[in-house]
Amino acid sequence: MGKLVELIKETYDHKACLEIASSGCSDGACTRHNYQADTLLLYMSYSDEIIQYTSERLGYSFFSNLARDFGSPLIDNKDQDNFSWQEVVSACPNKDDYKHALVWKFIELVAKEKSLEHQ
């Protein structure tokens, strides 16, 4: 398991993970990572782990779909979505908002995993 996965699991207890998993980070449930400065620091330090963990659970197309949510001009091609990670990030008009949302999704996935471990 990755270093950031363990860090997130240590940061949030079971109750907090249940709340994050059910309501998401955007509702203020991830109290230690509410601000963009916090999530961008995680992204800069652990981007490879974030990308790998998230893509293993949601598929690689999640990244380009998220980029489109943040105004990326990437064209949705249902048959083929083979953009490189660099192309996806560089296509976002606001890269920091995109990275912030990606880290939040990562935290939500880890919280869900931890909450399921204790059932």
Side-chain angles (χ1 to χ4, degrees):
M1 200 169 305
K3 293 178 183 178
L4 184 57
V5 170
E6 289 304 316
L7 179 66
I8 297 300
K9 286 183 177 184
E10 291 170 9
T11 300
Y12 297 102
D13 64 15
H14 179 68
K15 183 179 177 183
C17 284
L18 285 171
E19 186 177 346
I20 292 168
S22 66
S23 64
C25 292
S26 62
D27 287 338
C30 70
T31 55
R32 301 287 304 274
H33 302 98
N34 272 335
Y35 301 104
Q36 198 172 76
D38 302 325
T39 58
L40 291 180
L41 183 60
L42 287 179
Y43 179 85
M44 287 187 292
S45 301
Y46 299 99
S47 61
D48 290 341
E49 183 179 348
I50 292 167
I51 293 163
Q52 179 181 349
Y53 185 90
T54 305
S55 66
E56 287 172 356
R57 281 143 188 86
L58 301 177
Y60 196 76
S61 63
F62 168 79
F63 301 116
S64 54
N65 291 334
L66 182 64
R68 288 183 198 96
D69 291 345
F70 285 90
S72 170
L74 293 173
I75 296 171
D76 188 10
N77 183 348
K78 302 272 188 231
D79 298 327
Q80 187 176 7
D81 209 1
N82 293 327
F83 300 108
S84 73
W85 173 242
Q86 292 80 11
E87 289 171 318
V88 171
V89 174
S90 66
C92 283
N94 191 334
K95 292 165 186 45
D96 288 348
D97 285 349
Y98 175 80
K99 292 172 185 176
H100 180 64
L102 178 55
V103 172
W104 269 3
K105 179 53 74 177
F106 172 84
I107 292 171
E108 291 166 2
L109 292 169
V110 173
K112 182 176 182 178
E113 180 178 298
K114 181 175 178 175
S115 66
L116 293 173
E117 289 172 357
H118 289 64
Q119 286 187 347

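Bear in mind that the values here come from a model prediction, so they are computed numbers and not experimental data.
Under the side-chain contact (heavy atoms from CB on, under 4.5 Å) criterion, Asp13 pairs with Lys15, Ala16, not counting sequence neighbours. Listed by chain and residue number, Lys105 satisfy the side-chain hydrogen bond (donor to acceptor under 3.5 Å, both in side chains) test with Glu108 (two or more places apart in sequence, or in another chain). The side-chain hydrogen bond (donor to acceptor under 3.5 Å, both in side chains) search around Glu56 returns Gln52, not counting sequence neighbours. With sequence neighbours excluded, the residues that form a side-chain hydrogen bond (donor to acceptor under 3.5 Å, both in side chains) with Asn94 are Asp97. Listed by chain and residue number, nothing satisfies the salt bridge (Lys or Arg N to Asp or Glu O under 4.0 Å) test with Arg32 (two or more places apart in sequence, or in another chain). For Ser26, the side-chain contact (heavy atoms from CB on, under 4.5 Å) partners at least two apart in sequence or on another chain are Trp104. For Ser23, the side-chain contact (heavy atoms from CB on, under 4.5 Å) partners two or more places apart in sequence, or in a different chain, are Glu19, Asp27, Ala29. Remark: Thr31 pairs with Tyr12 by the side-chain contact (heavy atoms from CB on, under 4.5 Å) rule, at least two apart or across chains.
Side-chain contact of His100 with Thr39: a donor-acceptor pair under 3.5 Å is present, judged by distance alone.
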Would you check, one step at a time, whether the test side-chain contact (heavy atoms from CB on, under 4.5 Å) holds for Arg57 with Glu113?
-> CA-CA 11 Å; Arg57 281 143 188 86; Glu113 180 178 298; 3.5 Å; yes
Do Val103 and Lys99 pass the side-chain contact (heavy atoms from CB on, under 4.5 Å) test, and can you show the C-alpha distance, the side-chain angles, and the key distance before you say yes or no?
-> CA-CA 6 Å; Val103 172; Lys99 292 172 185 176; 5.5 Å; no
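Considering all non-hydrogen atoms of both residues, Asn34 and Cys25 come closest at OD1-O, 4.2 Å.
Residue Ile20 holds its CD1 atom at 9.0 Å from NE2 of His33, rounded to the nearest 0.5 Å. Taking CD1 of Ile107 as the reference point, atom CG of Leu102 lies at 10.0 Å (rounded to 0.5 Å). In this structure, OG in Ser47 is found 10.5 Å from CG in Leu4, a value given to the nearest 0.5 Å. The line from CD of Glu117 to NE2 of His14 is 10.0 Å long, rounded to the nearest 0.5 Å. A distance of 5.0 Å separates CZ of Phe106 from CD of Glu49, quoted to the nearest 0.5 Å.
Lys112 NZ: 12 or fewer foreign heavy atoms inside a 6.0 Å radius.
Hydrophobic clustering, with ILVMFWY side chains joined whenever heavy atoms are under 4.5 angstrom apart, keeps Leu40 apart from Leu66.
For an aromatic pair to be called close, the ring centres must be under 6.0 Å apart, and Tyr46 with Tyr43 fails this.
Counting heavy atoms from C-beta on, the side chains of Phe63 and Ser55 come closer than 4.5 Å.
Listed by chain and number, the hydrophobic cluster partners of Leu41 are Met44, where partners are ILVMFWY side chains within reach of under 4.5 Å, directly or through others.
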